[in-house]
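Counting from 1, the numbers follow the sequence of the chain as shown.
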Amino acid sequence: MASVSVHQFAQCITSHAWSPDHSMIAFCPNNNEVHIYKLMEGKWEKIHVLHKHDQIVSGIDWSTSSNRIVTVSHDRNSYVWSQEAAEWVPTLVILRLNRAALCVQWSPKENKFAVGSGAKTVCICYYEQENNWWVSKLIRKRHDSSVTSVAWHPNNILLATTSTDGKCRVFATFIKGVDTKNAAGSSTDSKFGEQIMQLDLSLSWTFGMKWSPSGNTLAYVGHNSMIYFVDDVGPSPSAQSVAFRDLPLRDVLFISERMLIGGGFDCNPMVFVADERGLWSFLRFLDERKPSSSAKYSSQLSEKFGKLYSQSKYSTNDTNGTPRTRGGGAHENCITSVMPLKKADDATITSFSTSGLDGKIVIWELEKQEDLLEYL
């Protein structure tokens, strides 16, 4: 098993985030609260409950350097939480939304953050020292439907988005007085909100997306059980589409330039790798599982009646024909988010965590997976 530890925190978890030293974890138990747990003497203890939102908290992110938590909710509000003594103090962010806020992420330099919404807009939020509050600039009239995820490029200027209109877009977000021109090269020449690229690769909703550590590759997933890898982001990008026979993904994470982890409706992290030529393919599932009796029965039916009836509602067959059950693994319901467990001084990502609708947070370790070491 690649999973190191499995923690049942709630009945359902919509999103989670780690503190900079990974000693605390914040998550939303599918309501309007954010629970913070701390590892004390080998046990996770609840130490704080952040309750300021009126509806379900849909996104959480915890900054690495400044130790601030940002939350967004279906109530159309966002709060930045700062720790003062033993309490977390909220500061309201002016989003100017008329629909739910769906996702949020701090920029690499943590001087701004992006919020995707059901209002077909993206809010780029930053702190105004003069007025002592958080304000936002909106990217409007670019999306045809809800923005499901946002991802910052390492240069702190480019922002990628996915949407239920099936498209992936990249925008310039340079803000005068917040960003410096020598930080991102030519991308600072673009005006705020200017669309750098739009991809129409998916015929279905598009979800979780991430940039590779170098920022050279962008990956995002579609609800049609496909994942897309984009290189040379700009006017003439090159893209690869990888189809897999299993259920769709919801979130992805680049472990290295040659390995990506995806989690979704199969309740089992999927490993995608790139060969020496840069061609991506599905390698295997990360969680090992033992086939149940129903899976064996399904396999026998498959042999007798052919591939047309090879799938049952209890199990599916993997690429080499062996039956694989969806039950009995670390997760028992859809994986909603994949987060890295990497400190500021770590060179590579060797472990990560996943949270799901089963209320579990699972920590995964990759160093003991011998077949994956060459891709780290």
Side-chain angles (χ1 to χ4, degrees), residues 15-18 58-64 70 72 78 101-117 121-125 139 142-143 146-174 179 184 187 190 192-199 201-202 205-223 226-234 237 239-240 249-257 259-264 272 280 335-340 342 349 352 354:
S15 60
H16 75 287
W18 291 90
S58 51
I60 305 172
D61 200 15
W62 200 326
S63 62
T64 304
V70 59
V72 296
S78 173
L102 302 178
C103 53
V104 64
Q105 188 182 48
W106 285 104
S107 67
K109 292 186 178 180
E110 300 177 9
N111 58 351
K112 54 187 177 180
F113 60 88
V115 178
S117 72
T121 61
V122 178
C123 305
I124 307 300
C125 308
I139 300 177
R142 297 292 187 176
H143 301 86
S146 299
V147 179
T148 55
S149 66
V150 292
W152 286 98
H153 189 277
N155 67 10
N156 206 69
I157 301 296
L158 296 180
L159 179 75
T161 65
T162 56
S163 171
T164 49
D165 61 12
K167 297 178 177 61
C168 170
R169 300 173 175 88
V170 177
F171 299 97
T173 65
F174 181 84
D179 300 300
S187 58
S190 303
F192 177 87
E194 181 178 342
Q195 184 171 290
I196 307 298
M197 180 188 71
Q198 175 176 306
L199 293 172
L201 301 177
S202 179
W205 297 348
T206 52
F207 289 105
M209 65 188 320
K210 291 290 188 304
W211 294 88
S212 63
S214 66
N216 294 330
T217 304
L218 175 66
Y220 68 100
V221 299
H223 206 55
M226 294 191 71
I227 183 169
Y228 308 94
F229 297 90
V230 185
D231 296 313
D232 302 325
V233 173
Q240 300 178 44
L249 298 173
R250 283 302 307 268
D251 198 13
V252 294
L253 172 67
F254 271 99
I255 301 298
S256 67
E257 295 293 330
M259 182 165 68
L260 176 138
I261 300 292
F272 296 85
W280 289 86
I335 296 174
T336 54
S337 63
V338 185
M339 298 296 294
K342 178 186 177 183
I349 300 174
F352 65 94
T354 56

Exercise. Okay, side chain of Trp211, backbone of Pro154: is any donor-acceptor separation there less than 3.5 Å?
Worked result: no
Problem set entry | Non-hydrogen side-chain atoms of Trp280 and Ile227 separated by less than 4.5 Å | no
Exercise. How close do Ile196 and Ser190 get, heavy atom to heavy atom, and via which atoms?
Worked result: CD1-OG, 3.7 Å
For this session: Test Leu260 against Lys210 for side-chain contact (heavy atoms from CB on, under 4.5 Å), laying out the working first.
Result: CA-CA 9 Å; Leu260 176 138; Lys210 291 290 188 304; 5.7 Å; no
Problem set entry | Val147 vs Ser117 side-chain heavy atoms within contact, under 4.5 Å | no
Exercise. Can you tell me how far the CZ atom of Phe272 sits from the CG atom of Leu249, to the nearest 0.5 Å?
Worked result: 5.5 Å
Problem set entry | Heavy-atom side-chain proximity of Val230 to Met197 below 4.5 angstrom | yes
Problem set entry | Partner residues of Asp61 under the salt bridge (Lys or Arg N to Asp or Glu O under 4.0 Å) criterion, sequence neighbours left out | none
Exercise. Side-chain contact, heavy-atom cut-off 4.5 Å: Phe254 with Pro213?
Worked result: yes
Seminar exercise, completed: What one should report as the nearest heavy-atom pair of Trp152 and Trp106 is CD1-O, 3.2 Å
Exercise. So how far is it from Phe174 CZ to Glu194 CD, rounded to the nearest 0.5 Å?
Worked result: 13.0 Å
Problem set entry | N-O pairing of Lys112 and Asp179 below 4.0 Å | yes
For this session: Would you mind reporting whether Ser78 and Phe113 have side-chain heavy atoms less than 4.5 Å apart?
Result: yes
Problem set entry | CG on Asp251 to OG on Ser15, rounded to 0.5 Å | 10.5 Å
For this session: Mind running side-chain contact (heavy atoms from CB on, under 4.5 Å) on Ile124 and Phe171 for me, showing each step along the way?
Result: CA-CA 11 Å; Ile124 307 300; Phe171 299 97; over 6 Å; no
Problem set entry | Taking every non-hydrogen atom, the tightest pair across Gly116 and Val150 | N-CG1, 4.2 Å
For this session: Heavy atoms only: give me the nearest Arg169-Gln195 pair and the separation to one decimal.
Result: CD-OE1, 3.5 Å
Exercise. Can you check whether Thr173 reaches Phe192 side chain to side chain, under 4.5 Å on heavy atoms?
Worked result: yes
Exercise. Heavy-atom distance under 4.5 Å between the side chains of Glu257 and Ser214, does that happen here?
Worked result: yes
Problem set entry | His223 and Thr164, any side-chain heavy atoms less than 4.5 Å apart | no
For this session: With sequence neighbours left out, write down each residue that passes side chain to side chain contact (heavy atoms under 4.5 Å, CB included) with Leu102, or none if nothing qualifies.
Result: His74, Ala100, Ser146
For this session: Starting at OH of Tyr220, measure out to OG1 of Thr148 and round the result to the nearest 0.5 Å.
Result: 11.0 Å
Problem set entry | Heavy-atom pair with the smallest gap, counting every atom of Ile349 and Pro340 | CD1-CB, 3.9 Å
Exercise. If you look at every heavy atom in Cys168 and Leu218, which pair is closest and at what distance?
Worked result: SG-CD2, 3.8 Å
Problem set entry | Separation of Lys167 NZ from Leu199 CG (nearest 0.5 Å) | 11.0 Å
Exercise. Between Ser107 and Asn156, is a side chain to side chain donor-acceptor pair (under 3.5 Å) present by the stated rule, with each step listed?
Worked result: CA-CA 6 Å; Ser107 67; Asn156 206 69; 3.1 Å; yes
Exercise. Taking it one step at a time, do Ile261 and Phe352 satisfy side-chain contact (heavy atoms from CB on, under 4.5 Å)?
Worked result: CA-CA 9 Å; Ile261 300 292; Phe352 65 94; 3.6 Å; yes
Exercise. When you look at Ser202 and Met226, which way does the side-chain contact (heavy atoms from CB on, under 4.5 Å) test go after all the steps?
Worked result: CA-CA 8 Å; Ser202 179; Met226 294 191 71; over 6 Å; no
Exercise. What is the distance from atom CZ of Phe229 to atom CD of Gln240, rounded to the nearest 0.5 Å?
Worked result: 7.5 Å
